[in-house]
Amino acid sequence: MAHKFSFTVEVEVERESGKFASRDEMAEQIQEWLEGADEGSVSGIGADGDSEYAVTSWEVSEA
């Protein structure tokens, strides 16, 4: 049985140095980080800490 989860992630950035970047450039970089966060599985959970689930779908989109 598959379970589907949705999470909302809010990211606020503040320039510390260098030239200004566009909002699109910042959003693209953050989206790449989130897409790279897919570990491929969820493991070490459950009552005995030995349950493992494969990640079968991973989608990141800007709201």
Side-chain angles (χ1 to χ4, degrees):
M1 179 163 102
H3 299 280
K4 187 171 188 173
F5 298 92
S6 294
F7 294 91
T8 300
V9 177
E10 290 185 27
V11 179
E12 183 175 339
V13 300
E14 186 174 311
R15 187 177 62 87
E16 293 184 339
S17 64
K19 295 182 179 180
F20 285 96
S22 72
R23 186 184 195 307
D24 288 345
E25 288 176 300
M26 288 183 264
E28 183 178 316
Q29 180 69 55
I30 293 166
Q31 185 165 351
E32 287 177 15
W33 294 342
L34 293 170
E35 287 170 348
D38 180 4
E39 294 292 325
S41 67
V42 178
S43 60
I45 58 176
D48 295 329
D50 62 356
S51 296
E52 185 163 330
Y53 293 80
V55 175
T56 57
S57 176
W58 183 272
E59 181 181 329
V60 177
S61 59
E62 184 179 1

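Keep in mind that the numbers below use all heavy atoms, side chains included, and drop hydrogens, waters and symmetry copies.
- Between Glu62 and Ala27, the closest heavy-atom pair is OE1-CB, 3.4 Å.
- Taking the six-membered ring for Trp and thresholds of 30 and 60 degrees, Phe5 and His3 have ring planes inclined between 30 and 60 degrees apart.
- Of the possible polar contacts, none joining the Asp48 side chain to the Asp50 backbone as a donor-acceptor pair under 3.5 Å is found.
- Between Gln31 and Glu28 there is no side-chain heavy-atom pair separated by less than 4.5 Å.
- The distance from the CZ atom of Phe20 to the CZ atom of Arg15 is 3.5 Å, given to the nearest 0.5 Å.
- Residues Val11 and Trp33 form no side-chain contact, since every pair of their non-hydrogen atoms from C-beta on lies 4.5 Å or further apart.
- Smallest separation of non-hydrogen atoms from Gly46 and Ser51: CA-OG, 4.0 Å.
- Counted within 6.0 Å of CZ on Arg23, heavy atoms from surrounding residues, nucleotides or ligands total 12 or fewer; the atom is thus considered open.
- Of all heavy-atom pairs between Met26 and Val13, the closest is SD-CG2, 3.4 Å.
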